[in-house]
Amino acid sequence: MDGCGLDSDGREFKNAEEMWREEVGDGDPLKKSQWYSQGVGYWQGVEATVDGVLGGYGHVNKPDIEGSEAFLNSILAERFPDAGRGRRLVALDCGSGIGRITKNLLIRYFNEVDLLEPVSHFLETARRNLAPENLMVTEEYKAVNFFCVPLQDFTPEAERYDIIWVQWCIGHLSDDDFVSFFERAKGGLKPGGLFVLKENIARSGFILDKQDKSITRSDLYFKQLFNKCGLHIYKMKDQKGLPEELFAVKMYALSTELPKRVNKSSRSKRHVNRPGIIK
Ligand SMILES: C[S@@+](CC[C@H](N)C(=O)[O-])C[C@H]1O[C@@H](n2cnc3c(N)ncnc32)[C@H](O)[C@@H]1O
């Protein structure tokens with residue numbers, strides 16, 4: 001995996017394999033379960049508010065949702081032009097926290113949204129926030145299932161989802177659980193369905209946060225993992241408008257199908273590499 005990394009105390013690792021050996025062990029189930037229980041344990045101590053799930057950066061909610069909405073709209077227009085006209089859309093919000101993304105975005109576009117979140121007080125808050133009487137949408141749109149499980153233990157119902165949204169939570173998964181989660185979750189996508197992964201991006205390699213047991217991966221690291229999962233980038237975009245001191249954030253729409261190649265053969269070969277006339 002992409003290069004060397006650091007932990008939050010400034011310690012250097014030669015590579016990700018060295019870090020994972022120390023953090024989750026080499027096939028040692030006890031060590032791995034400690035990694036996950038420390039991660040969930042960290043969030044169990046956080047208040048169930050927008051500010052809480054955004055690490056004290058509640059004001060990031062607005063630009064985050066606006067960036068996601070533009071990205072989602074471009075995907076829906078291209079992939080599901082029949083949405084609302086016969087096709088009912090279903091989404092899964094992974095590591096949903098208190099349901100911030102569902103409430104502010106997904107519930108306005110998807111007829112059904114399921115939420116997955118391992119921290120029970122977050123999920124209970126989500127359930128309240130998304131109760132029909134607290135939603136500003138018609139009965140056609142609703143939050144349906146609330147799964148209190150972590151991603152590494154979850155297998156979705158076959159072909160239920162048009163979009164599986166994974167935001168600001170995949171850093172809690174080790175590389176092997178990342179790959180096995182996406183391999184299982186592919187079966188939960190309808191034909192033509194997509195994953196949207198929105199994440200913090202390290203400049204290179206990775207950064208391990210020892211407090212909440214998560215890692216921030218580089219763009220190259222993510223691409224190497226997508227490759228291992230057999231996933232292809234359908235579309236990607238940088239999130240704009242976040243405070244300078246935060247990590248860069250990227251949105252990836254991922255497909256199980258190879259992207260269609262643009263057929264360039266129709267372009268006249270005669271004009272390739274010739275200076276153009278400025279009219
Ligand atoms: C930074 S919060 C983001 C919450 C939500 N995605 C949002 O953007 O508002 C990280 C979330 O990941 C959840 N999480 C931690 N470990 C997880 C795991 N193993 N599987 C799924 N979610 C996890 C936390 O409980 C928390 O709700």
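As the structure lists them, so they are numbered: ligands from 1, and atoms in each ligand from 1. When a residue number appears, it is its place in the shown sequence, counting from 1.
The shortest N or O to N or O distance between E117 and ligand 1 is below 3.5 Å. For ligand 1, the polar-atom distance check finds no N/O of Y36 at less than 3.5 Å from any of the ligand's N/O atoms. Considering backbone and side-chain N/O atoms, L151 comes within less than 3.5 Å of an N/O atom of ligand 1. At least one N or O atom of G95, backbone or side chain, sits closer than 3.5 Å to an N or O atom of ligand 1.
The aromatic ring centroids of Y57 and H59 lie less than 6.0 Å from each other. For Y252 and F195, the ring centers are positioned 6.0 Å apart or more. Residues F181 and F154 keep their aromatic ring centres 6.0 Å or farther apart.
The atoms of ligand 1 that sit less than 4.0 Å from any heavy atom of Q167 are 6 (N). Listed by number with element, the atoms of ligand 1 under 4.0 angstrom from any heavy atom of G97 are 27 (O).
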Check against side-chain hydrogen bond (donor to acceptor under 3.5 Å, both in side chains), Y161 and E112
CA-CA 9 Å; Y161 301 108; E112 295 183 20; over 6 Å; no
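Separating the SG atom in C4 from the CE atom in M19 is a distance of 12.0 Å, to the nearest 0.5 Å.
In summary, the side chains of T138 and E140 do not present any donor paired with an acceptor at a separation below 3.5 Å, with no hydrogens or angles considered.
For atom 2 (S) of ligand 1, the closest heavy atom belonging to the protein is V53 O, 3.4 Å. Looking only at heavy atoms of the protein, atom 15 (C) of ligand 1 is closest to H172 CD2, 3.3 Å. Nearest protein heavy-atom neighbour of atom 19 (N) of ligand 1: Q152 OE1, 3.0 Å. The protein heavy atom nearest to atom 10 (C) of ligand 1 is W168 O, 3.1 Å. Distance from atom 22 (N) of ligand 1 to its nearest protein heavy atom, with residue and atom name: P118 CD, 3.4 Å. Of all protein heavy atoms, the one lying nearest to atom 9 (O) of ligand 1 is R100 NE, 2.8 Å. Scanning all protein heavy atoms for the shortest distance to atom 12 (O) of ligand 1 gives C169 CB, 3.4 Å.
Note on K228 versus D175: no salt bridge recorded, every NZ/NE/NH1/NH2 to OD/OE distance being 4.0 Å or above. A salt bridge is absent between K210 and E23: the closest approach of a Lys/Arg side-chain nitrogen to an acidic carboxylate oxygen does not fall below 4.0 angstrom.
Here I101 has side-chain heavy atoms under 4.0 Å from ligand 1, and that is the only part of it that gets that close. Within the 4.0 Å heavy-atom criterion, the part of W43 lying near ligand 1 is the side chain and not the backbone. Looking at S96 against ligand 1, only its backbone comes within 4.0 Å, counting heavy atoms.
Pairing each heavy atom of V50 with each of I98, the nearest pair is N-CD1, 3.5 Å.
Residue L173 places a heavy atom under 4.0 Å from ligand 1. Ligand 1 is never approached by G39 to a heavy-atom distance shorter than 4.0 Å.
Under a cutoff of 6.0 Å and an axis angle of 45°, R127 and F146 form a cation-pi pair.
The aromatic rings of W35 and W20 lie perpendicular to each other, with more than 60° between the two planes, well past the 30° mark.
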